[in-house]
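Just the heavy atoms: all of them, side chains too, but no hydrogens, waters or symmetry mates, feed the values below. Residues take their numbers from the sequence shown, with the count starting at 1. Numbering of ligands and ligand atoms starts at 1, following listing order.
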Amino acid sequence: MSVGGPRIALNTGHEIPQLGIGTYLIPREDTERLVAEALEIGYRHIDGAASYGNEREIGRAIAASGIPREEIFVTTKLWNDRHAGDEPRRAFEESLGRLGLEYVDLYLIHWPVPSEDRYVHAWHRLEAIRDEGLARSIGVSNFLVEHLERLARESDTVPAVDQIELHPAFQQAELVARARARGTAIEAWSPLGRGRYPVLEEEPIVRAAAAHGRTPAQVALRWQLQRGHVIFPKTARPERLRENHAILDFELTADEEAAITALDRDGRVGRHPNTVGVSIP
Ligand code: NDP
């Protein structure tokens with residue numbers, strides 16, 4: 001197993017570590033320390049966004065780590081009020097400046113914001129950023145089938161990823177299948193359901209945890225890896241950074257995986273993408 005755990009191939013020819021850390025709601029003052037700790041543990045993938053307000057601190061931790069840049073996979077995202085005109089390019093340059101990097105590995109449109117209807121324009125701007133080598137891969141987040149289909153009609157670039165809400169109670173099977181059929185990898189945001197429903201108390205998860213001598217969180221995250229999803233659980237606690245990373249050396253049986261998959265029940269915990277406008281952080 002290479003440092004950073006298993007990797008999956010993106011449609012751009014680049015590889016992404018399947019396990020990373022999320023940085024939404026990590027307080028700015030804790031971000032540099034937590035990212036440094038994560039890199040020390042062996043994480044090599046950081047999921048960020050302009051709207052999380054902590055890109056500068058992520059960049060500082062990367063710079064101080066001494067780890068070669070090409071060994072760390074960094075994602076950031078274009079916020080909703082910057083789809084128009086030259087704004088995507090300006091927003092990207094601001095993110096890159098805050099991160100202190102020469103390129104990012106993955107740049108995403110954070111939400112489609114269909115009420116503004118500018119995501120196709122923004123996508124073309126991301127293609128230009130990709131063509132300049134400033135983002136190695138480009139992708140989308142919170143895009144539904146209808147948004148992906150529109151991009152397919154109006155662009156030659158298939159998004160490298162679609163980063164969507166996905167956890168045992170909300171699996172979006174049709175969207176996952178349709179995206180993958182076109183070559184788009186799935187990133188599962190809120191892989192632990194953000195603590196908003198008792199994913200860690202679900203019976204098949206608790207049972208598998210006991211069987212493998214692991215925690216329910218480790219089982220839920222392991223299930224995600226075995227389903228082929230890219231994940232970046234968020235924790236503000238160093239001991240949980242270790243716990244969430246220690247999922248690479250055990251395997252759920254086919255029956256255990258199937259029992260967790262059977263928990264799917266339309267249990268969305270975040271926002272429906274079509275209800276998110278320009279100003280919801
Ligand atoms: P997660 O599903 O990762 O859940 C985070 C919650 O789980 C926190 O309350 C955390 O608490 C807790 N937790 C973490 N590890 C454990 C553990 N081992 N045992 C028990 N509880 C645990 O939710 P997020 O919404 O943060 O999603 C992860 C990442 O996905 C984000 O940080 C962000 O990078 C991305 N994301 C993207 C979105 C998008 O629109 N593209 C939307 C939402 C998220 P504590 O911190 O106290 O440990």
Whether Leu200 lies under 4.0 Å from ligand 1, heavy atom: yes
Enumerated ligand 1 atoms positioned under 4.0 Å from heavy atoms of Ser190: 1 (P), 2 (O), 23 (O), 24 (P), 25 (O), 27 (O), 28 (C), 30 (O)
Region of Thr23 engaging ligand 1 - heavy atom pairs below 4.0 Å: backbone
Numbering as shown, the atoms of ligand 1 that approach Ala236 to under 4.0 Å (heavy-atom distance): 45 (P), 46 (O), 48 (O)
Non-hydrogen side-chain atoms of Tyr197 and Pro168 separated by less than 4.5 Å: yes
Asp105 side-chain N/O to Thr75 backbone N/O, donor-acceptor pair under 3.5 Å: no
Protein residue, atom and distance nearest to atom 14 (C) of ligand 1, heavy-atom basis: Lys234 O, 3.1 Å
Salt-bridge contact Glu93-Arg89 (side-chain N to carboxylate O under 4.0 Å): yes
Ligand-side contact atoms (ligand 1) for residue partner His110, heavy atom cut-off under 4.0 Å: 39 (C), 40 (O), 41 (N)
Side-chain H-bond candidate by donor/acceptor type, Glu165 with Asn142, under 3.5 Å: no
For Trp111, the ligand 1 atoms whose distance to one of its heavy atoms is below 4.0 Å: 40 (O)
Distance filter under 4.0 Å to Asp47 heavy atoms, resulting ligand 1 atoms: 33 (C), 34 (O), 35 (C)
Enumerated ligand 1 atoms positioned under 4.0 Å from heavy atoms of Ala217: 17 (C), 18 (N), 19 (N)
Short side-chain donor-acceptor distance under 3.5 Å, Asn274 and Glu146: yes
Polar contact flag, side-chain donor to acceptor under 3.5 angstrom, Ser155-Trp123: yes
Contacting atoms of ligand 1, where contact means under 4.0 angstrom from a heavy atom of Asn142: 39 (C), 40 (O), 41 (N)
OH-CZ distance between Tyr119 and Arg150, expressed to the nearest 0.5 angstrom: 4.5 Å
